[in-house]
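Have a look at the structure below before the remarks.
A quick note: this is a predicted structure, and the numbers were derived from the prediction, not measured. Just the heavy atoms: all of them, side chains too, but no hydrogens, waters or symmetry mates, feed the values below.
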Amino acid sequence: MSERSLSEMAMGGAAASRSAAFLEGLNAPQREAVETLDGPVLMLAGAGTGKTKALTARIAQLIATGTARPNEILAVTFTNKAAREMKYRIGALLGDAVEGMPWLGTFHAIGVRFLRRHAELVGLKPSFTILDTDDQLRLMKQLIQAWNMDEKRWPARQLASLIDNWKNRAWRPEQVPGSEAGAFNNRGTELYAAYQERLRTLNACDFGDLLLHVVTILQTHPDVLAQYQRWLKYIMVDEYQDTNVAQYLLLRLLAQSHKNICCVGDDDQSIYGWRGAEVGNILRFERDFPGAKVIRLEQNYRSTPHILAAASGVIKGNENRLGKTLWTEETEGEKLRLIGHWDGEDEARWVGEEIEALERGTRGMDPVSPDGMAILVRASHQMRAFEDRFLTIGLPYRVVGGPRFYERLEIRDAMAYFRLAVSPTDDLAFERVVNTPKRGIGDKARQTIQRVSREAEVPLLMGAALVLRDGLLGGKAAANLREFIENMARWHDMVRSPVVPGQDDALVIDDEAPSAGVSHVRLAEMMLDESGYTAMWQNEKTPEAEGRLENLKELIKALEEFDSLQGFLEHVALIMDNESEETQEKVTIMTLHAAKGLEFPVVFLPGWEDGLFPSQRSMDENGLKGLEEERRLAYVGITRAEQLCLISFAANRRVFGQWQSQLPSRFIDELPRDHVEVLVPPGLHGGAFGAAGRHSGTATPDPDSLEGRATRADVYNAPGWKRLQSRAKAAPAAPKAVRGAAAEVHFAPGERVFHQKFGTGTVMAVDGDKLAVAFDRAGEKHIVARFVLPADGMDDVPF
């Protein structure tokens, strides 16, 4: 035997040995996925089933066995962090650092590498620049101005969001379908074409182009496509359920020849539809690649049996899924804990108490570090109640995926308006809001105001008035500045003439006295509305703007807990100064979307109420598709928990100063009762638990069911109820002349009433202005009398 043959045998033996070493730690389905190297493979990997381990082992197997060289493997991830971790793990498995894997990275990183080589095929030079968001918006704003369009009505951010959506769907300007062509005042596609032409002139592209241009080249240049199909013999994709259309087309084009593509994902965790992800990409994998092998990774290494059973119980409500059942070798663990509260403040108080108890180890578990606990909310505005509570009791916390509530841009802007109204000498607040929203008061105008203020030794607000008096500013900017100063003076007068504590704002109807006392809550709303700040975000028409508006509503809600603007500002200043050391252990607060891929020993899931979770907006905009994505989000939330998952909801939320009754989330109905422990049965809703109770229309559930157990508690012992009673007693009676008609109606047990949300029902008990009503379809509710009307003629109203 030749020396060469001996060497090759030795190398083969070494490769086989390395291969056997990393195969030993895999379960049977993982091993099957690693060893099935040729042909299309879908690795359907549930939460916590070790999919990253299997994926990296598969790449290592390709290299170790000599099936492919590192530069012949395309491995795509969604984040740079995931790419670095994958490269590190592969190196650890092979016993050496991985070199020569140029095609391992994010979609955008790979797109840049490809585009540098072939830029001229889409009219660019290899030295093209990549625009950041600010440059992109500036360019779009120039185009909108050049086309003489109203920038306020048609903002650049809205156009950017529209074009980004089209690029995610791999539509070039000429490919946008007619159903979409009417967007942006019927000029969306023309502006899109003009924007692309301008980018070519600048030798630039945006992030959407990094994929769109690559897809365009591969579709229109068969020789280039064939070359890359020969070069990239094996394709592996992580988080395949999160791919958009452009990413899907890129992968399919490259794999259509050799079909050696392995996609790893979980259709039950596809939660990014709002940013272009298409769950259909993973659902139709077997149609796209006939003969594909589907390997299900179902053994979970993260959570307890109760947590997995609860998650499976919820997600099985989705029709459009490939289907799998998670299981674990663990046999013990805590059931999910479920509790209802009177309102959001009670919910935040309870979460704080549970965290402290879990930290002490007094909840039937070993002590849990604050670092091991997370609060996962559906919407960022929910964070405020928890942040306020934790700051009050001195519980350290961190907000992941964004700033803390009072550090958010829109909150700081709003607080600056409040500060300036309370204290006109607050120069920092003046500088922040004098041109927010835009009033044409640019750098030069502000420098003039600062100069005049220094010379006269007066605050900036007074300096601005002097600038106007002396005619140092003209045109539209002067008119806008004058309006700003006059508004500030009027709001300052209102701060000094507050409404009598407890008086209802709606009772103040003296239009002739603009400085007459109004409550600090109403004044805050007026400032944000009359300054144009609220309208500024309403005109943005972007998902981020929606969140900012929700946060502003939550800020107004926070003011209700204080007697004055001054008191509120002092409270925020004090709590924000109470910063903890970074080395200190902290509870994590984050959104459900941001939590994907993470895990914690203990997870709190608050706000499980219909309309909040599932999101009413998501259901209204996307129907069944939106509801199913919301249900996948619930599945993601539950499966973040390793040892304990606690779900809570509130029966009432205070919105714009008025109580609104809430229904528990429909997802609570879907939790399997054998895996749920009702901590303190809330007693707030007939039909709160159990699908039969919710949908049957009966007001008397089975006393042995979860629903029956939940309705037996004494809601009147809730702190929120007592707080509401004390406020009602403290409030002075409203003058009869300005009371609404509904306020004069008195109800008695047995009377029929109508509620806009719950329909018709019968009054069961009366406590002051609080009614216990058995609604025909929604069960028993406890509501304020002014929210119902006599049901005369209402019984036949469809509901």
>> Applying side-chain contact (heavy atoms from CB on, under 4.5 Å) to Phe405 and Glu554, what does each step give before you reach the verdict?
In response: CA-CA 10 Å; Phe405 182 81; Glu554 190 65 24; 4.0 Å; yes
>> Pairing donors with acceptors under 3.5 angstrom, does anything connect the side chains of Glu330 and Thr304?
In response: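 Their side chains do not contain a donor-acceptor pair, so the 3.5 Å distance test is not met.
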>> Looking only at side-chain N and O atoms, does Glu347 offer a donor or acceptor that is under 3.5 Å from a partner on Ser648?
In response: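 The criterion, which ignores hydrogens and geometry beyond distance, is satisfied for Glu347 and Ser648.
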> Side chains of Thr106 and Asn80: closer than 4.5 Å at any heavy-atom pair?
Replying inline: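 Side-chain contact under 4.5 Å: yes.
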>> Using the rule given for side-chain contact (heavy atoms from CB on, under 4.5 Å), can you reason through Tyr272 versus Asn244, listing the C-alpha separation, both sets of side-chain angles and the distance that settles it, and then say yes or no?
In response: CA-CA 9 Å; Tyr272 296 120; Asn244 59 35; over 6 Å; no
>> Go through it in stages, so that I can follow the logic: the residues are Val351 and Leu646, the test is side-chain contact (heavy atoms from CB on, under 4.5 Å), and I'd like the CA-CA distance, side-chain angles, deciding distance and then a yes or no.
In response: CA-CA 9 Å; Val351 169; Leu646 304 98; over 6 Å; no
>> Using the rule given for side-chain contact (heavy atoms from CB on, under 4.5 Å), can you reason through Asn551 versus Ser380, listing the C-alpha separation, both sets of side-chain angles and the distance that settles it, and then say yes or no?
In response: CA-CA 7 Å; Asn551 289 336; Ser380 61; 3.5 Å; yes
> For the residue pair Phe78 and Phe107, does the interplanar ring angle fall in the parallel (under 30°), tilted (30 to 60°) or perpendicular (over 60°) class?
Replying inline: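 It falls in the perpendicular class, over 60°.
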> Which class fits the ring pair His341 and Trp350: parallel under 30°, tilted 30 to 60°, perpendicular over 60°?
Replying inline: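 Rings of His341 and Trp350: tilted, as their planes differ by 30° to 60°.
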Charged N to carboxylate O below 4.0 Å: is that the case for [X] and [Y]?
X      : Y      : value
Lys553 : Glu550 : yes
Arg302 : Glu599 : yes
Glu629 : Arg632 : yes
Glu319 : Arg631 : no
Arg412 : Glu407 : no
Arg389 : Asp346 : no
Lys324 : Asp268 : yes

> Okay, side chain of Tyr397, backbone of Pro370: is any donor-acceptor separation there less than 3.5 Å?
Replying inline: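 Not a single qualifying donor-acceptor pair exists.
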>> Nearest 0.5 Å, please: how far is CD in Glu239 from CD1 in Ile282?
In response: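 Rounded to the nearest 0.5 Å, the CD1-CD separation comes out at 9.5 Å.
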>> How close do Tyr406 and Ala558 get, counting heavy atoms only, and between which atoms?
In response: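 Nearest pair, atom of Tyr406 first, then Ala558: OH-CB, 4.0 Å.
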>> Which heavy atom of Ser270 sits nearest to which heavy atom of Val279, and what is that distance?
In response: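 Where Ser270 meets Val279 most closely, the heavy atoms are OG-CB, 3.5 Å.
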>> Between Arg89 and Glu85, does the salt bridge (Lys or Arg N to Asp or Glu O under 4.0 Å) criterion hold? Intermediate values first, please.
In response: CA-CA 6 Å; Arg89 287 199 187 194; Glu85 182 180 354; 2.9 Å; yes
